[in-house]
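Encoded as structure tokens, the structure appears first; notes follow it.
Read the numbers this way: they start at 1 and go in the same order the structure lists the ligands and their atoms. By convention here, the first residue in the shown sequence is residue 1. The basis for the numbers below is simple: all heavy atoms, side chains too, and nothing from hydrogens, waters or symmetry mates.
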Amino acid sequence: MRRTLTTCPYCGTGCQFYLVTNGEGKLVGVEPSSNHVVSKGQLCVKGWNAFNFANHPDRLTVPLVRKNGNLVEASWDEALDLIATRLKEVQDAHGNDSVAFFSSAKTTNEENYVMMKLARAVFKTNNVDHCARLCHSSTVAGLAATFGSGAMTNSISCVEKADCILVTGSNTTEQHPLIGTRIINAVKGGAKLIVADNRKIRLANFADMHIRWENGTDVAFLNGLMHVIIKEGLADEEFIRTRTEGFDKLKEVVEEFTPERTAEICKITPVEVEKAARMFAGAERAMIIYSMGITQHTHGVDNVKSCANLAMLTGNVGKEGTGVNPLRGQNNVQGACDLGALPNVYSGYQKVTDDGVRAKFEKAWGVQDLPGNVGLTVTTAINAAADGTLKALYVMGENPMMSDPDQHHVRDALEKLDFLVVQDIFPTPTTKLADVVLPAACFAEKDGTFTSTERRVQRVRKACDPPGQARQDWEILADLARRMGYDGLTYSSPKEIMDEITRVTPIYGGMQYDRIDQVGLQWPCPNRDHPGTPVLHVGKFARGLGLFSPAEYRPSAELPDDEYPFVLSTGRCYFHFHTGTMTRRSRLLDREERFPYVEVHPDDAKRLNIHDRFPVMVSTRRGEVKALARVSDIVIPGHLFMTFHFEEGAANVLTNNALDPVAKIPEYKVCAAQIRGV
Ligand SMILES: Nc1nc2c(c(=O)[nH]1)N[C@H]1C(S)=C(S)[C@@H](COP(=O)(O)OP(=O)(O)OC[C@H]3O[C@@H](n4cnc5c(=O)[nH]c(N)nc54)[C@H](O)[C@@H]3O)O[C@H]1N2
Ligand SMILES: Nc1nc2c(c(=O)[nH]1)N[C@H]1C(S)=C(S)[C@@H](COP(=O)(O)OP(=O)(O)OC[C@H]3O[C@@H](n4cnc5c(=O)[nH]c(N)nc54)[C@H](O)[C@@H]3O)O[C@H]1N2
Ligand code: SF4
Ligand SMILES: [Mo]
């Protein structure tokens, strides 16, 4: 038996564990790492089972190329030559921006860097993005505007130092289980907990206040809290005076949000608004933790800015046990953003529109004419494909057919493309539409790094060989670059890629492999002597002064009406991850949750003659999906909740692709729906 220390491939908590391989080099299990800073010898059920999918017989093992309508086996040479030729043809005919790249929060930092360098240096387009668009793009935009840096301000260890925690739109015990445990520990240690989520999530059992407001009304609620805090003299005046700007504007906007008006919009009571305001503002150290309930709205950026406003108003930024803490979802979504798999920035958030930055990367990469226009996002690329302006798409480690909103629209868009490449570890609904499918190595089969939600860069280590002819993602991309006549992506190892990253990316300047060998470091870490940064904005915000950015309340894009009387919200469960490609191929996880389901309140079920565990049809203006009813008071009356884990009951057939105007994130959390028994 051999043990290899690596990082969990599921959520952004960033637990580490040992992968156990037997004498034949086959993965046989997982052992926790007792001295890891976050996981401390514990793992959630997905971590314990993280070795399981890697051995599954469905793994992609050979390149596939479409011939006469069918995907057939091909050699690597044939597949990569075809990609190089076709992408070049498309660009020659329709311009550089007719090609787009989806990078992957499942792959390593090094691979994301290589992908964005390939797009920019070789294909001369900024059309590169990844699933952060569907997830925390509101955070990146909202916190960059208010604080100057769009990441979690504090560390996971800070949770236990808070005196009051506001958890809003985060089902922490199921989605970031080891952070959920920290919250429960904090409560046991005397911290107050306010859970703002209309579902009765597990954390609600531990909460001093569980506020079940209407989905999509967070701006009103947060403005209401700030109204009370200002009115009752609970604001941190010194912090406002010395550390922030724009307070007068905030005061003016929240003036209108009396507890009564707030309660009316949110469908709660004025007393709840007042009580929560006093609890939060009264704490010595108060922390905000949020996730998709805040970001996945057409007003996602406004929601994030409002969280930032509340933290600044009460002086809760820049010290331990406080802060605005977006929990990043995927294992390496923080890293994919940091490494510039985004259409507007290079690695380290260096802007593509800045002439000096482009000149720097031209020199470092030995190329000319890097494009200065901001590229397409995941969501706008799909729309451009549907319009016929985007002609080719290269998808690495994403499954847009299942994860993007409005599946019929996505299918239509992907079918219209002249050329689609998908590089994955398993066949997916997206590979089914591809012209070329490339088999990739999974996390257990590669070296590199992931960056966790607390900005911690940690090692990923190879424990076994990839199946069949599957190759590392970065090697595939580098091989393609060579076929396009570019040698600047030829590396001998991920370490060499990281060395280049440290040279061109100031926040990662000190992230050399020898330094992060045992314990990962938190960025910004500008040089080899820097110890890393557990808490951001200490003494000074990244942008100088914190900017109060008040928002007016705007309702969600599609509200219930007579035809579609329910609010449908979508999200996740504990046992499955996203589009289920990995967890549904893990025996233990699959056993726990086997069928698509929809949560419906007992009063609604009774009225509509719907029975627990019996099939129902859920429909919206975009389509209909069959699922099993789960009759339960987890949801409030008038609300339905589904997960998007199941291909045979795909929630994204139903969702609305209305976007936030700034972040371009879709409104996964609110659309109008109907339900009936079948
Ligand atoms: N088991 C598991 N873990 C995961 C994932 C997974 O698929 N499975 N995915 C990972 C990823 S990428 C992400 S982004 C995270 C997501 O983690 P979370 O955001 O915690 O998960 P969700 O289920 O999307 O939504 C969380 C909660 O938001 C609430 N909510 C919905 N609308 C609103 C609203 O308008 N306001 C408020 N305040 N709350 C609202 C919902 O009721 C739900 O309980 O999880 C990560 N961890
Ligand atoms: N309705 C609804 N839809 C949502 C959401 C929601 O709350 N509601 N949440 C959104 C959010 S927050 C997110 S983050 C997105 C996630 O959207 P996606 O990223 O599209 O979903 P995943 O299932 O994580 O897809 C990852 C793919 O990468 C593959 N993969 C795994 N490891 C590797 C590897 O090492 N190399 C390669 N090449 N491939 C690999 C997996 O098999 C899988 O097909 O979904 C979004 N969609
Ligand atoms: S909490 Fe997240 S990182 Fe930790 S074991 Fe579970 S899925 Fe993996
Ligand atoms: Mo996510």
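Within the listing of ligand 2, atoms 1 (N) sit less than 4.0 angstrom from a heavy atom of Thr655. If you number the atoms of ligand 2 from 1 as listed, the ones under 4.0 Å from a heavy atom of Met582 come out as 31 (C). Heavy-atom contacts of Gly14 reach the following atoms of ligand 3: 3 (S) (cutoff under 4.0 Å).
Residues meeting the salt bridge (charged side-chain N to carboxylate O under 4.0 Å, His left out) test with Glu110, sequence neighbours left out: none. By the ring-ring contact (aromatic ring centres under 6.0 Å, His included) test, Phe123 pairs with Phe101, sequence neighbours left out. Remark: Val395 engages Phe102, Leu393, Glu398, Pro400, Leu420, Val422 in a side chain to side chain contact (heavy atoms under 4.5 Å, CB included) (not counting sequence neighbours).
Residue contacts with ligand 2: Glu111 is excluded, as none of its non-hydrogen atoms falls under 4.0 Å.
Under 4.0 Å from ligand 2, not a single heavy atom of His130 appears.
Counting only N and O atoms by type, the side chains of Thr107 and Asn112 include a donor and acceptor under 3.5 Å apart.
Residue nearest to atom 13 (C) of ligand 2, selected from Arg572, Met292, Glu398, Gln330: Arg572 (by heavy-atom distance).
The nearest heavy-atom contact from the protein to atom 8 (N) of ligand 2 is Thr570 OG1, 2.9 Å.
Take a cut-off of 2.8 Å around atom 6 (Fe) of ligand 3: the protein N, O or S atoms inside it are Cys44 SG.
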